[in-house]
Amino acid sequence: MATIKAAILGFGTVGQGIYHIINEKREELREKLGLELEVAKILVRDTSIERVPGTAHLLTDSIDDVLSVKGLQVVFEAIVNEEPAFTYLKRSVENKCHVVTANKVMFAKRGLELQELAKRNGVFVGFEATTAGGVPVIKTMKNILLVNDVSKIQGILNGTSNYILTKMRAEGWSFDEALGEAQSLGYAEADPYNDVSGQDAFKKLMILSALAFGEQPNWADVEVIGIDNITSEQVQEATAQGLRYRHVAEVEKGADGTIYAKVGPMLVDKEHPLYPIDDVFNAVTMETNYIGTLTLIGPGAGMYPTASVMVEDYAEIIGKRAGFVVTI
């Protein structure tokens, strides 16, 4: 049986999740793909720390070491910032490796460029995990776009902000109290700026814009407002009126072809598809010409939701190469 060698770049929460799923699903992947998937290298900053027992021999701090693996075919990337992630993936693609990424910061800015480079090198880019974690937004939209046009997207794309707004409404907490709880539960980082300012949702929205419309609006023209100025009194007033605050990212293509986007708090009523979405859940609503309005809901983050869609991307890539469809 053929063996496909893979590398994992970054071994934090998501990287470890990929490693665990590959090992736990080894038999199932072998049966469905007719291939053995082997993690050959794991790129980390500090090789002295063995975060998962039994992985010390796989650790390296050199991308050259990773790319020198004979027969390397797939690179999973779970690094946080634009660089060195983009450079590493660019080199991987030029090395004729398929790449699967969860890096929304990098992909929002360089995704179209990376996909074009992959096309020229005859390999695929998987990016389901960049947007809405375990919600299959990318895969679903790709299928829809084969026949439908998408005219508008609205989404709750950040689970941390949604959790905070939920607790402010349901428990009567202040913003600071809800944020503190989100941090203690691991939903929010020690520095929660990207979550509560809307920047995280904005990056994900730009990825969806590029997929739906083949382009993004000028980033400088997009108004991005966070949730940190919403008070418990405002939330209570909205609740009394049967309304709920949601932190909504939306992008729309007008009849003249202009793309308009914004991110910010929105009051929604019971008729709105985002009204019932609570806690750390994400949701994306798409308006299409044939299907109508479609809403996808699911967990927005975490080790296994994110890692699982990355392994699914790998299975889809291998299936495309072999001419069949694979589901995990």
Side-chain angles (χ1 to χ4, degrees), residues 1-44 50-60 63 65-79 88-89 91-103 115 118-119 121-130 132-140 142-143 298-299 301-328:
M1 181 176 287
T3 298
I4 287 184
K5 291 189 177 179
I8 300 173
L9 311 185
F11 209 47
T13 300
V14 174
Q16 290 175 48
I18 295 166
Y19 181 81
H20 289 312
I21 288 172
I22 287 173
N23 283 295
E24 290 166 13
K25 288 280 190 176
R26 185 175 299 278
E27 292 295 327
E28 194 173 332
L29 287 167
R30 183 190 296 140
E31 184 180 316
K32 290 188 173 183
L33 298 175
L35 299 164
E36 186 78 40
L37 180 61
E38 172 194 336
V39 177
K41 285 290 176 184
I42 299 171
L43 183 72
V44 294
E50 186 185 37
R51 297 186 178 183
V52 175
T55 60
H57 67 294
L58 300 175
L59 303 181
T60 181
I63 189 64
D65 193 22
V66 170
L67 297 177
S68 68
V69 171
K70 190 175 181 181
L72 184 70
Q73 291 189 43
V74 181
V75 173
F76 294 97
E77 183 265 316
I79 302 172
Y88 289 169
L89 289 187
R91 290 187 60 189
S92 300
V93 166
E94 291 169 344
N95 204 49
K96 310 300 182 187
C97 292
H98 304 296
V99 298
V100 179
T101 180
N103 192 328
Q115 290 176 89
K119 193 182 297 182
N121 282 274
V123 294
F124 292 96
V125 178
F127 58 100
E128 183 71 64
T130 60
V135 188
V137 175
I138 306 298
K139 196 176 292 154
T140 303
K142 281 180 179 177
N143 287 332
M303 175 186 286
Y304 290 113
T306 304
S308 67
V309 297
M310 294 182 76
V311 178
E312 286 167 11
D313 270 350
Y314 150 77
E316 183 183 357
I317 286 168
I318 299 305
K320 279 181 180 175
R321 269 296 168 90
F324 57 86
V325 176
V326 181
T327 56
I328 299 179

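This one's a predicted model, so the numbers in the text were calculated from it and none came from an experiment.
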Original post:
At their closest point, which heavy atom of Glu50 faces which heavy atom of Ala56, and how far apart are they?
Top reply: OE2-N, 3.0 Å

**OP:** Mind checking side-chain contact (heavy atoms from CB on, under 4.5 Å) for Glu77 and listing every partner two or more places apart, or none if nothing turns up?
**Re:** Leu9, Ile79, Ala85, Leu89, Thr101, Asn103, Met106

Subject >> Point-to-point distance, once rounded to the nearest 0.5 Å, from OG of Ser68 to NZ of Lys41 >> reply: 7.0 Å

Subject >> Atom pair CZ (Arg51) and CG (Leu59), whose distance is rounded to the nearest 0.5 Å >> reply: 9.5 Å

Original post:
Does the side chain to side chain contact (heavy atoms under 4.5 Å, CB included) test come out yes or no for Ile63 and Arg91, once each step is laid out?
Top reply: CA-CA 9 Å; Ile63 189 64; Arg91 290 187 60 189; 3.3 Å; yes

**OP:** With Ile317 as reference, evaluate Val74, Val100, Val99, Val125 under the side chain to side chain contact (heavy atoms under 4.5 Å, CB included) test and give the passing residue.
**Re:** Val100

**OP:** Give, for atom NE2 of His98 and atom CD of Gln73, the distance between the pair rounded to the nearest 0.5 Å.
**Re:** 6.0 Å

**OP:** For Tyr88, check ring pair (Phe, Tyr, Trp, His ring centres under 6.0 Å) against everything at least two apart and list the hits.
**Re:** none

Original post:
To the nearest 0.5 Å, how far apart are CG in Asp313 and CZ in Phe124?
Top reply: 11.5 Å

Subject >> side chain to side chain donor-acceptor pair (under 3.5 Å) partners for Glu94, two or more places apart >> reply: Lys90

Identify each donor-acceptor pair in which a side-chain atom of residues 14-22 lies under 3.5 Å from a protein atom, sequence neighbours left out, and give them as a table.
residue	atom	partner	partner atom	Å
Gln16	NE2	Phe11	O	3.0
Gln16	NE2	Gly12	O	3.4

Original post:
Could you give the distance from CG (Leu67) to CG (Asn95), rounded to the nearest 0.5 Å?
Top reply: 5.0 Å

Original post:
Which atom pair, heavy atoms only, marks the closest approach of Val52 to Thr55?
Top reply: O-OG1, 2.6 Å

**OP:** Could you list the residues that satisfy side chain to side chain donor-acceptor pair (under 3.5 Å) with Asn143, not counting sequence neighbours?
**Re:** none

Original post:
Do you know which two heavy atoms are closest between Glu312 and Lys139, and how far apart they sit?
Top reply: OE1-NZ, 3.4 Å

Original post:
What are the two closest non-hydrogen atoms of Ala7 and Val66, and how far apart are they?
Top reply: CB-CG1, 3.5 Å

Subject >> Spacing of Leu35 atom CG and Ile318 atom CD1 [to the nearest 0.5 Å] >> reply: 6.5 Å

Original post:
What pair of heavy atoms forms the shortest contact from Glu38 to Thr3, and how long is it?
Top reply: OE1-CG2, 3.5 Å

Original post:
Who passes side chain to side chain donor-acceptor pair (under 3.5 Å) against Arg26, sequence neighbours left out?
Top reply: Asn23, Glu36

Subject >> Contacts of type side chain to side chain donor-acceptor pair (under 3.5 Å), residue Lys96, not counting sequence neighbours >> reply: Asn121

**OP:** List the atom of Cys97, the atom of Val123, and the distance in Å for their closest heavy-atom pair.
**Re:** O-CG2, 3.5 Å

